[in-house]
Amino acid sequence: MFGGEVGDRMHRASRPVTVGGMTAIGSGTVRLVGTVLPGGERRELHLSGGVVVERPASGDVRTVSTDGWIVPGLVDAHCHIGLDQRGAVDEETQLEQAIADRDAGALLVRDAGSAADTRWIDDREDLPKIIRAGRHIARSKRYIRNYGWEIEPGELVAYVEQEARRGDGWVKLVGDWIDRDAGDLTPCWPADALDAAIARAHELGARVTAHVFGEDALPDLLAAGIDCLEHATGLRPELLDDMAARGVAVVPTIVQLENFPMYANQAEAKFPQYAAHMRDLYERRHETLRNAVEAGVPVYAGTDAGGVLGHGLVADEIRALTEIGMTGEQALAAGSWAAREWLGVPGELTPGAPADLVVYDEDPRLDPRVLDAPRLIVLRGKPVKG
């Protein structure tokens with residue numbers, strides 16, 4: 001885009017050159033200088049062809065930032081691009097959701113179940129990378145209408161096979177939901193169905209995660225070899241050491257848990273037992289999740305955006321992780337480099353890693369409020385905000 005005198009000025013600049021409010025980048029190598037996390041050392045980064053590269057010997061090099069804290073792109077490990085409260089949304093709405101996540105710094109998202117086809121987003125270099133879990137697999141008449149496949153236990157293996165092939169290495173089960181006959185949360189699947197389904201997913205190279213609010217579904221899910229739990233507000237202390245040893249992850253979606261009192265109030269008249277249970281889970285949520293952190297269970301940042309919640313909340317979720325005993329650095333890792341590694345993407349900004357990063361004016365490990373104000377967002381080596 002720029003060459004000659006303008007290119008020389010960009011290389012020498014102590015601050016980024018901008019055009020129309022957007023940092024200008026051409027087709028050559030992009031250079032940034034700053035304190036690079038997680039290592040914390042001040043160094044240069046060079047980006048070319050969508051990845052981090054070694055320092056170029058020569059050629060067209062353009063400097064776009066010379067100070068600040070450089071963080072690998074943030075991760076929302078539980079969201080739903082393509083959904084709202086009623087079900088699948090159109091492409092225009094999907095675009096708005098993806099941009100909201102991107103502009104918050106979430107450059108990698110795990111879509112934890114969507115009824116919409118969002119594959120067109122993969123062709124857009126200016127939108128986050130999505131790792132999909134296919135569509136939710138739920139028990140008949142025991143989930144949010146229009147969200148998931150609603151099936152019976154005998155069909156579970158077949159639907160897991162289908163979603164494993166449609167997804168990006170993940171399958172999403174609904175592990176528990178309100179049972180109207182019981183008037184409370186109960187497990188959705190018998191143990192033998194879970195055993196067969198999760199084993200089949202693993203044979204196909206997919207990991208399995210499950211929505212689970214309560215306590216009773218957890219033993220069978222864990223015994224069947226589940227890889228991850230979403231929300232996990234019913235975790236008991238006796239389960240944690242085994243989870244930590246096996247690396248079973250938790251994505252607690254703490255910002256979503258704030259809606260538990262609303263769910264309880266909505267259900268109070270017809271299902272008072274469920275309402276009381278949800279309030280109890282809510283009151284114990286921080287203690288429950290703190291116990292998991294202290295036991296060494298891997299915990300990652302996810303917002304559950306795309307239903308009740310809007311998108312772009314990853315900074316709120318990372319801050320919320322500090323409320324369950326994580327340090328600022330641990331919480332940032334859970335929403336950045338550690339989460340990227342967990343999802344199979346290089347976590348650190350080393351040669352060959354995706355050129356996805358966010359630059360902040362201050363150290364977000366010391367004050368997570370800094371995450372609300374990214375100075376520069378670079379996706380696939382190009383600035384998308386800054």
Participant: Say whether, by atom type as modelled, one donor and one acceptor occur between the side chain of Asp101 and the main chain of His311 under 3.5 angstrom.
Facilitator: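 Not at all, since once roles are kept as given, no pair shorter than 3.5 Å links the two residues.
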
Participant: Are Thr350 and Val52 close enough, and set up right, to give a side-chain contact (heavy atoms from CB on, under 4.5 Å), and what steps lead you there?
Facilitator: CA-CA 6 Å; Thr350 53; Val52 180; 5.9 Å; no

Participant: Is it the case that over 12 heavy atoms from other parts of the model lie below 6.0 angstrom from the CZ atom of Arg86?
Facilitator: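 12 or below, so no.
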
Participant: Can you establish whether the number of heavy atoms outside Glu125 located under 6.0 Å from its atom CD is more than 12?
Facilitator: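 12 or below, so no.
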
Participant: Do NZ/NE/NH1/NH2 and the carboxylate oxygens of Arg290 and Glu287 come within less than 4.0 Å?
Facilitator: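 Salt bridge absent between Arg290 and Glu287.
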
Participant: Taking only Lys NZ, Arg NE, NH1 and NH2, and the carboxylate oxygens of Asp or Glu, determine whether Asp111 and Arg132 approach each other closer than 4.0 Å.
Facilitator: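 Salt bridge: no.
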
Participant: To the nearest 0.5 Å, what is the distance between CG (Leu95) and CG (Asp90)?
Facilitator: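 Separation between the atoms: 10.0 Å.
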
Participant: We want to know whether Glu155 and Trp149 form a side-chain donor-acceptor pair, criterion being a heavy-atom distance below 3.5 angstrom.
Facilitator: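 Note: Glu155 and Trp149 side chains miss the donor-acceptor criterion.
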
Participant: Specify the closest pair of heavy atoms between Thr35 and Gly40, including all atoms of both residues, with the distance to one decimal.
Facilitator: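 Of all heavy-atom pairs spanning Thr35 and Gly40, the closest is CG2-O, 3.4 Å.
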
Participant: Let's go through Arg142 and Thr186 carefully: what are the C-alpha distance in whole Å and the side-chain angles of both, what is the deciding distance for side-chain contact (heavy atoms from CB on, under 4.5 Å) to 0.1 Å, and is it a yes or a no?
Facilitator: CA-CA 10 Å; Arg142 289 188 58 192; Thr186 63; 2.8 Å; yes

Participant: With the 4.5 Å side-chain cut-off for hydrophobic clustering, are Val345 and Tyr300 part of the same group?
Facilitator: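 Hydrophobic grouping puts Val345 with Tyr300.
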
Participant: Hey, could you give me the SG/CG distance between Cys188 and Asp179, rounded to the nearest 0.5 Å?
Facilitator: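 Interatomic distance, Cys188 SG to Asp179 CG, rounded to 0.5 Å: 8.5 Å.
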
Participant: Quick one, Ile131 and Trp170 - any side-chain contact, counting heavy atoms below 4.5 Å?
Facilitator: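 Sidechains of Trp170 and Ile131: in contact.
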
Participant: Do side-chain atoms of Arg110 reach the backbone of Ala77 as a donor and acceptor pair under 3.5 angstrom?
Facilitator: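 Between the backbone of Ala77 and the side chain of Arg110 there is a qualifying donor-acceptor contact (under 3.5 Å).
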
Participant: Assess, by modelled atom type and distance only, whether the side chains of Glu268 and Tyr274 contain a donor and an acceptor separated by less than 3.5 Å.
Facilitator: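 Short answer, no.
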
Participant: Is a side-chain donor or acceptor of Glu329 paired with a backbone partner of Arg365 at a separation under 3.5 angstrom?
Facilitator: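 Checking the backbone N and O of Arg365 against the side chain of Glu329, no donor-acceptor pair under 3.5 Å is found.
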
Participant: Taking all atoms of both residues into account, what is the closest heavy-atom pair of Met326 and Ala331, and its distance?
Facilitator: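 So the two residues come closest at SD-CA, 3.9 Å.
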
Participant: Side-chain contact test, heavy atoms from C-beta onward, threshold under 4.5 Å: evaluate it for Lys129 versus Val109 and give yes or no.
Facilitator: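 No - every pair of side-chain heavy atoms lies 4.5 Å or more apart.
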
Participant: Are any of the side-chain nitrogens in Arg119 or Asp117 under 4.0 Å away from the carboxylate oxygens of its partner?
Facilitator: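 Answer for the salt bridge query: no.
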
Participant: Please determine whether the number of non-hydrogen atoms from other residues, nucleotides or ligands lying under 6.0 Å from atom CZ of Arg42 exceeds 12.
Facilitator: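 It does: Arg42 CZ has more than 12 such atoms within range.
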
Participant: Under 4.5 Å between side-chain heavy atoms, hopping through other hydrophobics if needed: is there a path connecting Val293 to Leu229?
Facilitator: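 As far as the 4.5 Å side-chain criterion goes, Leu229 and Val293 are connected within one cluster.
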
Participant: Distance only, no hydrogens: is a donor on one side chain within 3.5 Å (strictly under) of an acceptor on the other, for Asn265 and Arg279?
Facilitator: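 There is such a pair (donor and acceptor under 3.5 Å, judged by atom type) between the side chains of Asn265 and Arg279.
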
Participant: For Ile198, does its backbone N or O pair with a side-chain atom of Asp195 as donor and acceptor, under 3.5 Å?
Facilitator: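 A pair under 3.5 Å: no.
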
Participant: Within this structure, what is the CZ-CG distance for the pair Arg102 and Leu108, rounded to the nearest 0.5 Å?
Facilitator: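 Here the interatomic distance stands at 15.0 Å.
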
Participant: Under 3.5 Å, is there a donor-acceptor pair linking the side chains of His277 and Glu215?
Facilitator: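 Yes, Glu215 and His277 have a side-chain donor paired with an acceptor closer than 3.5 Å.
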
Participant: For Ser140, check side chain to side chain contact (heavy atoms under 4.5 Å, CB included) against everything at least two apart and list the hits.
Facilitator: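 Residues passing side chain to side chain contact (heavy atoms under 4.5 Å, CB included) with Ser140: Glu152.
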
Participant: Between Arg31 and Ser65, does any side-chain donor sit less than 3.5 Å from a side-chain acceptor?
Facilitator: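 No, no side-chain donor-acceptor contact under 3.5 Å.
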
Participant: For Arg145, what residues pass the side chain to side chain contact (heavy atoms under 4.5 Å, CB included) criterion, not counting sequence neighbours?
Facilitator: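 Not a single residue meets the side chain to side chain contact (heavy atoms under 4.5 Å, CB included) criterion with Arg145.
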
Participant: Tell me if a side-chain donor or acceptor on His80 pairs with a main-chain N or O of Gly113 at a distance below 3.5 Å.
Facilitator: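 Present.
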
Participant: Less than 4.5 Å apart, any side-chain heavy atom of Leu127 and any of Ile99?
Facilitator: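 In short, these two side chains touch, coming nearer than 4.5 Å.
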
Participant: So, using side chain to side chain contact (heavy atoms under 4.5 Å, CB included) as the criterion, who are the partners of Leu366 when residues are at least two apart?
Facilitator: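 If we apply the side chain to side chain contact (heavy atoms under 4.5 Å, CB included) test to Leu366, skipping adjacent residues, the hits are Asp363.
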
Participant: Looking at Asp372 and Arg319, is any side-chain nitrogen of the basic one under 4.0 Å from a carboxylate oxygen of the acidic one?
Facilitator: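 Yes, this pair counts.
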
Participant: Looking at Pro237, is its backbone amide N or carbonyl O close enough to the side chain of Asn291 to form a donor-acceptor pair, meaning the two atoms are under 3.5 Å apart?
Facilitator: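 Judged by distance alone, no pair lies under 3.5 Å.
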
Participant: Going from CG on Leu221 to CG on Asp216, what distance comes out if it is rounded to the nearest 0.5 angstrom?
Facilitator: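 It is 11.0 Å, given to the nearest 0.5 Å.
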
Participant: When you compare the side chain of Leu204 with that of Glu161, does any pair of heavy atoms fall below 4.5 Å?
Facilitator: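 Yes, side chains in contact.
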
Participant: Does Glu323 come within less than 4.0 Å of Arg285, counting only side-chain N to carboxylate O?
Facilitator: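 Judged by the 4.0 Å cut-off on N to carboxylate O distance, Glu323 and Arg285 do not form a salt bridge.
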
Participant: Would you say the rings of Phe213 and Phe260 are close, in the sense that their centroids are separated by under 6.0 Å?
Facilitator: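 Aromatic pair counts; centres sit under 6.0 Å.
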
Participant: Taking the ring centre of each residue, are Trp177 and Tyr143 less than 6.0 Å apart?
Facilitator: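 Ring centres of Tyr143 and Trp177 closer than 6.0 Å.
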
Participant: Quick one: are Leu376 and Ile70 in side-chain contact, heavy atoms under 4.5 Å?
Facilitator: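 The answer is no, as the side chains (C-beta and beyond) never meet within the 4.5 Å cut-off.
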
Participant: Ignoring hydrogens and geometry, is there a side-chain-to-backbone donor-acceptor pair from Glu163 to Arg135 under 3.5 Å?
Facilitator: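 Yes.
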
Participant: Does atom CD of Glu203 have more than 12 heavy-atom neighbours, drawn from other residues, nucleotides or ligands, at distances under 6.0 Å?
Facilitator: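 Check passes, neighbour count above 12.
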
Participant: Using side-chain heavy atoms (C-beta onward) and a distance below 4.5 Å, is Leu194 in contact with Leu173?
Facilitator: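 A side-chain contact exists here, since the closest heavy-atom pair is under 4.5 Å.
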
Participant: Hey, mind stepping through Thr209 and Ile226 against side-chain contact (heavy atoms from CB on, under 4.5 Å) and telling me if it holds?
Facilitator: CA-CA 6 Å; Thr209 193; Ile226 199 82; 5.6 Å; no

Participant: So which atom in Gln94 and which in Ala116 form the shortest heavy-atom distance, rounded to 0.1 Å?
Facilitator: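 So the minimum-distance heavy-atom pair works out to NE2-CB, 3.7 Å.
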
Participant: When you check the gap from the basic side-chain N to the acidic O, do Asp67 and Arg375 get nearer than 4.0 Å?
Facilitator: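 Salt bridge flag = yes for Arg375 with Asp67.
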
Participant: For Val89, is there any backbone N or O sitting under 3.5 Å from a side-chain donor or acceptor partner on Thr93?
Facilitator: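 Side chain of Thr93 to backbone of Val89, a donor-acceptor pair under 3.5 Å: no, none is there.
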
Participant: Under 3.5 Å, is there a donor-acceptor pair between the side chain of Arg340 and the main chain of Gly73?
Facilitator: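 Checked: pair present.
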
Participant: When clusters are formed by joining ILVMFWY residues with side-chain heavy atoms under 4.5 Å apart, either directly or through shared neighbours, do Val299 and Leu343 land in the same one?
Facilitator: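 No, Val299 does not connect to Leu343 through the hydrophobic network.
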
Participant: Could you check if a side-chain atom of Leu74 sits within less than 4.5 angstrom of a side-chain atom of Leu107, using non-hydrogen atoms only?
Facilitator: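 Contact flag for Leu74/Leu107 side chains = no.
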
Participant: Write down the atom of Arg246, the atom of Gly225, and the distance for their closest heavy-atom approach.
Facilitator: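 Between these two residues, the closest heavy atoms are NH2-CA, 3.5 Å.
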
Participant: Does one side chain, of Thr303 or Glu317, offer a donor that lies under 3.5 Å from an acceptor on the other?
Facilitator: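 No.
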
Participant: Give a yes or no on whether the backbone of Met262 and the side-chain of Asn259 come within a donor-acceptor separation of less than 3.5 Å.
Facilitator: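 It does not hold such a pair.
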
Participant: May I have the step-by-step check of side-chain contact (heavy atoms from CB on, under 4.5 Å) for Asp304 and Val255, ending in yes or no?
Facilitator: CA-CA 8 Å; Asp304 203 7; Val255 294; over 6 Å; no

Participant: When the ring centroid of His231 is compared with that of His211, is the distance short of 6.0 Å?
Facilitator: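 Yes: the rings meet the under 6.0 Å criterion.
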
Participant: Within this structure, what is the OG1-CG distance for the pair Thr29 and Leu45, rounded to the nearest 0.5 Å?
Facilitator: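 CG of Leu45 is found 12.5 Å from OG1 of Thr29.
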
Participant: Within the 4.5 Å heavy-atom criterion, are Leu332 and Pro368 side-chain neighbours or not?
Facilitator: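 SC-SC contact between Leu332 and Pro368 ruled out.
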
Participant: Assess the side chains of His202 and Asp227: does a donor N or O sit below 3.5 Å from an acceptor N or O?
Facilitator: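 Per modelled atom types, His202 and Asp227 side chains form a pair under 3.5 Å.
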
Participant: Taking everything shown except Glu362 itself, do over 12 heavy atoms lie less than 6.0 Å from its CD?
Facilitator: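 For Glu362, atom CD is not crowded (no more than 12 foreign heavy atoms under 6.0 Å).
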
Participant: Compare every heavy atom of Val212 with every heavy atom of Ala217, then report the nearest pair and how far apart it is.
Facilitator: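 Taking Ala217 first and Val212 second, the nearest heavy atoms are CB-CG2, 4.0 Å.
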
